[in-house]
Amino acid sequence: MMDEDDFNPEVVKRFLFVNRKAPYGTVYALESLETVLISAAFDQDVSVVFMDDGVFQLKKGQDTAGINMKNFSPTFRALDGYDVEKLYVEKESLEARGLTEDDLVVDVEILSTDELREIMAAQDVVISA
Amino acid sequence: MMDEDDFNPEVVKRFLFVNRKAPYGTVYALESLETVLISAAFDQDVSVVFMDDGVFQLKKGQDTAGINMKNFSPTFRALDGYDVEKLYVEKESLEARGLTEDDLVVDVEILSTDELREIMAAQDVVISA
Amino acid sequence: MKFGILVNEGPFTHQASDSAYQFAKAAIAKGHEVFRVFFYHDGVNNANKLSEPQADDRNLVELWGKLAEESDVDLVVCVAAALRRGIKDDILAPGFRISGLGQLIEAGILSDRLVVFGD
Amino acid sequence: MKFGILVNEGPFTHQASDSAYQFAKAAIAKGHEVFRVFFYHDGVNNANKLSEPQADDRNLVELWGKLAEESDVDLVVCVAAALRRGIKDDILAPGFRISGLGQLIEAGILSDRLVVFGD
Amino acid sequence: MSTMLHTVNKSPLERNALDSCLRLAGAGSAILLIEDGVYGALRGTSAADRIAARVRDFKIYVLGPDMAARGLSEAPLVDGIEVVDYEGFVDLVAEHEAQQAWL
Amino acid sequence: MSTMLHTVNKSPLERNALDSCLRLAGAGSAILLIEDGVYGALRGTSAADRIAARVRDFKIYVLGPDMAARGLSEAPLVDGIEVVDYEGFVDLVAEHEAQQAWL
């Protein structure tokens with residue numbers, strides 16, 4: 001078994017992480033973000049999609065003090081430093097939730113359903129939670 | 001702390017168990033049925049409601065051999081022997097799922113939404129999963 | 001007033017245990033009694049003493065145990081649900097006890113209100 | 001063909017682990033290789049050796065371990081998710097090992113297909 | 001007939017729990033939106049009209065700490081919905097004769 | 001462009017997973033209904049029309065063992081949906097370039 005640190009594959013795959021769940025109500029948003037961060041170390045072609053209630057993960061102004069949980073939304077802003085730059089948000093999901101690009105904690109590319117469909121179809125590995 | 005066997009309360013409360021989830025995809029249906037069975041030992045006024053995807057719990061002809069899980073649907077027929085006789089199914093939920101009373105593994109009372117609303121409002125303790 | 005609480009989910013994966021804990025704390029702060037918290041379904045995982053969250057995260061297993069100690073709350077883990085999921089005396093956190101599902105029905109009878117938290 | 005599998009849920013509560021197991025067995029029966037099963041989120045609870053289902057129920061912890069032994073499947077439990085949930089070496093079932101989340105990404109790279117089961 | 005406090009912890013944009021609660025809750029009962037259920041309190045979502053249509057039939061509350069965690073402290077709510085904290089949650093349970101959780 | 005196998009394990013009567021899959025799946029991809037997702041294959045439910053409207057855009061399959069467990073072996077299916085077993089599931093994964101789980 002290879003160690004993570006020694007692992008330097010020549011193959012580059014397109015990895016897509018799909019976020020469809022709201023934060024805090026379940027842990028999937030937080031733990032999936034940990035997967036995205038780890039993936040950055042593997043020099044793969046990483047994309048992250050936020051759709052359905054997953055767009056709520058990016059809402060500005062999260063303050064978790066009152067529920068004693070960890071506010072992980074600032075970490076989305078750190079993704080850029082890990083060279084994870086392809087963050088996509090479905091326009092239809094955003095609009096159905098009364099949100100606009102200004103409500104989001106990080107710069108993302110807002111895509112139509114048709115555009116997102118093409119990107120999702122072009123992936124080698126899709127990890128959802 | 002009193003032992004279950006010694007426990008013989010004089011108070012009789014109306015207990016309602018609400019089943020809104022399909023069987024097998026999650027364990028809630030099976031483990032909630034265990035709760036209903038236990039409740040029978042306490043001489044309370046027990047009702048059980050099946051609504052939304054919970055009506056699928058009562059579907060006839062379940063055969064779990066192919067997924068290696070335990071078929072617990074015969075247990076619904078045993079409830080009568082435990083004096084759990086008030087089994088209610090919401091008509092609207094049944095119809096939305098293309099089911100009729102003939103599809104169900106046990107005798108139940110089919111209620112309109114209005115009738116069920118009244119019964120649900122008359123309870124002291126509501127346990128849902 | 002005398003409250004009973006049912007927790008259907010484990011720590012971390014669903015907010016249910018967090019919500020139940022915050023509710024219990026607030027109830028006690030307001031002078032109510034929290035007579036019993038019953039842990040069913042994956043809720044039994046709240047009693048795993050090996051749980052070790054990150055340093056900056058809350059530790060629900062410890063928080064429940066502390067609440068039990070300070071406010072005399074009876075933390076009951078369902079034996080059937082716990083056996084299935086491998087929660088046994090070897091790894092049972094302080095403040096919890098393992099008992100039968102009848103303790104949930106009893107909580108419903110003896111409390112003024114039974115409050116349910118789940119997924 | 002070389003498959004990797006991701007299991008996001010524990011045994012019992014969701015069917016995900018059952019489905020993943022049935023899929024893995026069928027894949028191996030058809031001559032494919034199941035290179036690795038990675039357990040994340042509540043999936044780490046599949047590795048709790050204290051799990052003791054009723055006699056007439058399936059025992060997924062044992063079934064996974066047996067599959068690993070017979071078909072040389074690498075069962076990897078995510079260390080971060082496991083620490084949080086109290087799955088440690090003391091209670092780790094035979095056939096499983098605890099390692100980093102990088103093993104999931106590696107499985108994605110090294111397998112022909114990564115198949116995801118969750119809730 | 002008891003007066004009920006209904007709690008809903010699911011997003012109405014993802015699941016049917018709130019819709020079922022609105023269908024079955026008795027007139028005059030209280031509904032408290034908690035956890036991911038708080039999204040049901042937002043104005044401007046595709047679910048908002050369904051909730052707004054029923055605010056006169058029930059007393060609808062939303063849990064403030066769950067709103068704040070999700071960045072919704074300043075978000076406009078459907079008219080008639082009241083924000084409470086955990087102490088208010090306790091009061092609601094105490095004031096009603098039973099609680100029903102829509103999970 | 002890969003050909004995708006989409007798996008859906010949620011009831012369309014309870015959650016939005018199948019609707020989202022139908023919205024985002026590329027034309028010509030395959031959709032396999034498993035676990036509680038198998039209810040999406042049933043004729044006569046309130047969700048059936050939404051699925052029936054798309055059977056020409058996708059190849060839709062349903063997992064037989066999950067149907068049988070739920071008492072649906074004999075149940076009438078939406079026209080055009082094909083039943084497979086776990087071996088068929090494995091074949092579908094092998095035949096498509098990637099799998100996407102709608103959870």
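Chain identifiers are assigned alphabetically (A, B, ...) following the order of the sequence lines, protein sequences preceding nucleic acid strands; residue numbering begins at 1 within each chain. No hydrogens, no waters, no symmetry mates; every other heavy atom, side chains included, goes into these values.
- Partner Arg85(D) forms a side chain to side chain donor-acceptor pair (under 3.5 Å) with one of Asp42(D), Asn48(D), Asn45(D) and no other, that one being Asp42(D).
- Of residues 20-36 of chain A, those residues lying under 4.5 Å from chain D by any heavy-atom pair are Lys21(A), Val27(A), Tyr28(A), Glu31(A), Ser32(A), Glu34(A), Thr35(A).
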What verdict does the ring pair (Phe, Tyr, Trp, His ring centres under 6.0 Å) test give for Phe39(D) and Phe96(D), after you've listed the backbone C-alpha separation in whole Å, the side-chain angles of each residue and the deciding distance to 0.1 Å? CA-CA 10 Å; Phe39(D) 297 89; Phe96(D) 292 83; 5.4 Å; yes

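- For the residue pair Ser73(A) / Asn71(A), a side-chain donor-acceptor distance below 3.5 Å is found, with atom types taken as modelled.
- Taking the six-membered ring where the residue is Trp, the centroids of Phe117(D) and Tyr21(D) are separated by 6.0 Å or more.
- The existence of a salt bridge linking Lys91(A) and Glu115(A) is excluded, since no basic side-chain nitrogen approaches an acidic carboxylate oxygen closer than 4.0 Å.
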Going through the distances and angles, do Phe3(D) and Phe23(D) end up as a ring pair (Phe, Tyr, Trp, His ring centres under 6.0 Å)? CA-CA 10 Å; Phe3(D) 289 115; Phe23(D) 178 88; 5.6 Å; yes

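- Interface residue Arg84(D): only side-chain heavy atoms are found under 4.5 Å from chain A.
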